[in-house]
There are 2 protein chains.
Amino acid sequence: MNKRITSQDVANLAGVSRTTVSFVLNNEERFAIRPETAEKVRAAAKQLGYYPNASARALASNQTKNIGLIISRAPQYIATDPFLPQILGGLLDILKENSLGLLLEWVEPGQQLESYLELTRAHHIDGMILMTPRLDDPGLKTLEETDIPVVVMGYIPGSTLHSVDVDNLSAAETAVCHLIELGHTKIACITNAALPYTSASQRLDGYKIALQKAGITYNPQLVREADFDAQSGYTQMRSLLESNLDFSAVFVASDNVALGAYSALSEAGLSIPDDISVVGFDDIPLASFIQPALTTISMPGHEIAVQSYQLLMQLMRRDFPLERAVSLPTDLIVRQSTRSLIG
Amino acid sequence: MNKRITSQDVANLAGVSRTTVSFVLNNEERFAIRPETAEKVRAAAKQLGYYPNASARALASNQTKNIGLIISRAPQYIATDPFLPQILGGLLDILKENSLGLLLEWVEPGQQLESYLELTRAHHIDGMILMTPRLDDPGLKTLEETDIPVVVMGYIPGSTLHSVDVDNLSAAETAVCHLIELGHTKIACITNAALPYTSASQRLDGYKIALQKAGITYNPQLVREADFDAQSGYTQMRSLLESNLDFSAVFVASDNVALGAYSALSEAGLSIPDDISVVGFDDIPLASFIQPALTTISMPGHEIAVQSYQLLMQLMRRDFPLERAVSLPTDLIVRQSTRSLIG
DNA sequence: TAATATTACTAACGCGCGTTAATCGTCACG
DNA sequence: CGTGACGATTAACGCGCGTTAGTAATATTA
């Protein structure tokens, strides 16, 4: 039986007190430890294979050294999200550098109410990052009233919570504007998700504004709501095609959804971009590899992760963060899925 | 300042002792608590918004109620993995049902040695699931010698660790066999990853065996090693094309990599499946939506997650698991990327 | 040389909870 | 009325660690 090795064991072996062990291993500069003593302690720790117990440390120090990534989306929608790994990769990278752990959770839309509190108090996290927030999430107000460090990936209008996001609205506007510049006037839209998701409604707003600025009348019949995955993109694109409405381009507010749309268009015998131009959103890794390569808006996934982390750290340190809402730039990546109607 | 609410507060409000509170909230059947007392306690807890502190509970009970998912791969390769979300979705789902948390970690290939031990002892996990293990991982032997509950997603020959995996070898064999049945004899192969990754070498072996059984001589020059992402698939497919070797089909041991291959083939003016047939592996969600829809091997991602969880739970309960290595079935999904040369 | 500062370390408490052993009724039985 | 059994509850310890207040030993100053 592998008996647990405690700091007391290290102390005994090194011939010092447990306090000294603690000071040495935590590099407590405030207390002067003679270098040779410190070395003795370190040697003993290594010899015994000592790893401080995280639970005990968390209890004593009131810091878990873990942060939580909370996804307010059901698992089946998590499973098909090709963007999630980018966030995870970025987050895992920077967290490891700083010796922090990442606790992943999902909360079902409907019982976020208590979830958030339980997550911080009950689970072992010092702060949390909220992915894909919903406008209709009642738990967000609760969170505002606590002093739990929270960063929202996505912008919530009117919320006092700190956030990191791209400017979805103007990015969408840019995307649609690109189509308009190419001469398209009849432009459909498939959202990335249901409208309570802030990113979905903001991208739809960008679509509307681009139309408006170009003097094109907004036609709600040309709009469909998808649901994160390619399957919903396929379904909604078919719905658009079956409506027999005339359009020469479609703005799909998610690459993943756009791939489903691709499939529906291909099945209908329509060519991209000859018959229909498509602009996506996210620039998922596969966007440049599909045929035709997808014109899209690039999301700085890694940067979003890094900025979220940094903002969260400031909050956890009780610094006054400089910005309440960090907004990151996006780029229009023009590839082969859009075509000019002019000339 | 939100003072922390402890079980003592609940006890005071309910007019009972802290012990009673603990018994009630943990549904301790062994001690008979009068129903009205239990109700008083529960009411007090609700009124105060009490959430037991996980660190303290972990320390006292020696159980963290968290499990770790360990990915032995660098973050940049995590970021482009479209299969990871399937595992995560499945795992998150079942873990939530059982009130467990999921701690995500990556270890860099090269310093797994101590990582694993530190992860369990230092971090807050009761057991761990290892993703994408490498044959050359020295830390695995260390793990075998401990009594830490570990489940490996992927099969490690000769290891005593418990594992859940598909039969990569025969699945790959099936895939290549499909090509052979269609009349292909000159079949190239692009692996999903470098060969130290067990899944990569096993799939390559399946490829070899299928050839052998069909009496086709194995030609190493027709084999390339990719590196998880589509970019590497593109690169390796170009390398194959530039070799000027003759082949009519290619087995790409990862859909993600296959998409890169698609791109290279398209760029070279070759048609799938008219000029080249392609079979992938994984059946990522997008496989059925790309053009042409990819013939591939379906991985039961959700089932892998569920089985891993169940096996891990048995180990954590110190049950004797019935099977040491769970092997899950795969299916060949024939779509449009393969074509018969016969007739 | 006595008083004070400095260095190097330690004793001891508390974090919030699970859990065992003990306590305090209460009731049945002889 | 005393004894034992049982049901309901609690006092008290320990989990492993961080940390404050303190001690002992040495160095510095008046």
- Task: Check whether any side-chain heavy atom of A:Asn66 lies under 4.5 Å from a side-chain heavy atom of A:Leu102, and answer yes or no.
- Result: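 Not in contact.
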- Query: Are any of the side-chain heavy atoms of A:Pro75 and A:Trp106 separated by less than 4.5 Å?
  - Reply: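 In short, these two side chains touch, coming nearer than 4.5 Å.
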Among [options], the nucleotide that comes nearest once only the side chain of [X] is considered:
X	options	result
A:Thr6	D:dT10, D:dT19, D:dG16	D:dG16
A:Arg34	C:dC9, D:dC15, D:dA12	C:dC9
A:Ala60	D:dC15, D:dA8, D:dG16	D:dG16
B:Leu59	D:dG18, D:dT10, C:dG16	C:dG16
A:Ser22	C:dT19, D:dG18, C:dG18	D:dG18
B:Arg18	D:dA11, D:dC13, D:dC17	D:dC13

- Task: Between B:Glu28 and B:Ala56, just flag the one whose closest nucleotide in DNA chain C comes earlier from the 5' side.
- Result: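 Here B:Ala56 is the residue nearer the 5' end.
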Is the phosphate of [N] approached by [X] (side-chain N or O, under 4.0 Å from OP1 or OP2)?
X	N	result
B:Thr20	D:dT9	no
B:Tyr50	C:dC17	yes
B:Ser7	C:dC17	yes

Nearest-Å distance, [atom1] ([X]) to [atom2] ([N])?
X	N	atom1	atom2	answer
A:Leu25	D:dG16	CG	C1'	13 Å
B:Asn62	C:dG18	CG	P	13 Å
A:Gln8	D:dC17	CD	P	10 Å
A:Asn53	C:dC15	CG	P	18 Å
B:Gln63	D:dG14	CD	P	21 Å
A:Glu36	C:dT7	CD	P	16 Å
A:Leu48	D:dG16	CG	P	15 Å
B:Lys40	D:dT9	NZ	C1'	11 Å

- Task: Under the side chain to side chain contact (heavy atoms under 4.5 Å, CB included) rule, what do A:Leu13 and A:Gln47 come out as? Steps first, then yes or no, please.
- Result: CA-CA 9 Å; A:Leu13 180 60; A:Gln47 182 184 332; 3.8 Å; yes
- Task: Indicate whether any N or O donor in one side chain lies under 3.5 Å from an N or O acceptor in the other, for A:Asp136 and A:Tyr197.
- Result: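 A:Asp136 vs A:Tyr197: no donor-acceptor pair found between side chains.
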- Task: Scan A:Ile33 against the nucleic acid and name what it touches under 4.0 Å (heavy atoms): base, sugar-phosphate only, or nothing.
- Result: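 Since only primed, P, OP1 and OP2 atoms lie under 4.0 Å of A:Ile33, the category is sugar-phosphate.
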- Query: Which is true for A:Asn26 with a 4.0 Å heavy-atom rule: it touches a base, it touches only sugar-phosphate, or it touches nothing?
  - Reply: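 Sugar-phosphate contact only - A:Asn26 comes under 4.0 Å of backbone atoms but never of a base.
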- Polar pair under 3.5 Å, donor/acceptor by atom type, side chain B:Thr37, base D:dT9: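 Such a pair does not exist between side chain and base.
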- Task: Decide yes or no, distance alone: a donor-acceptor N/O pair under 3.5 angstrom between the base of D:dA11 and the side-chain of B:Thr19.
- Result: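 Yes.
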- Task: Using a strict 4.0 Å threshold on nitrogen-to-oxygen distance, state whether A:Arg73 and A:Asp81 make a salt bridge.
- Result: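 Looking at A:Arg73 and A:Asp81, the cut-off is met.
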- Toward the 5' end of DNA chain D, which comes first, B:Phe23 or A:Ser61, by nearest nucleotide?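 Mapping each residue to its closest nucleotide by heavy atoms, the 5'-most match is B:Phe23.
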- Message: Nearest 0.5 angstrom please: B:Tyr50 OH to B:Ser7 OG, how far?
- Response: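 That separation rounds to 4.5 Å.
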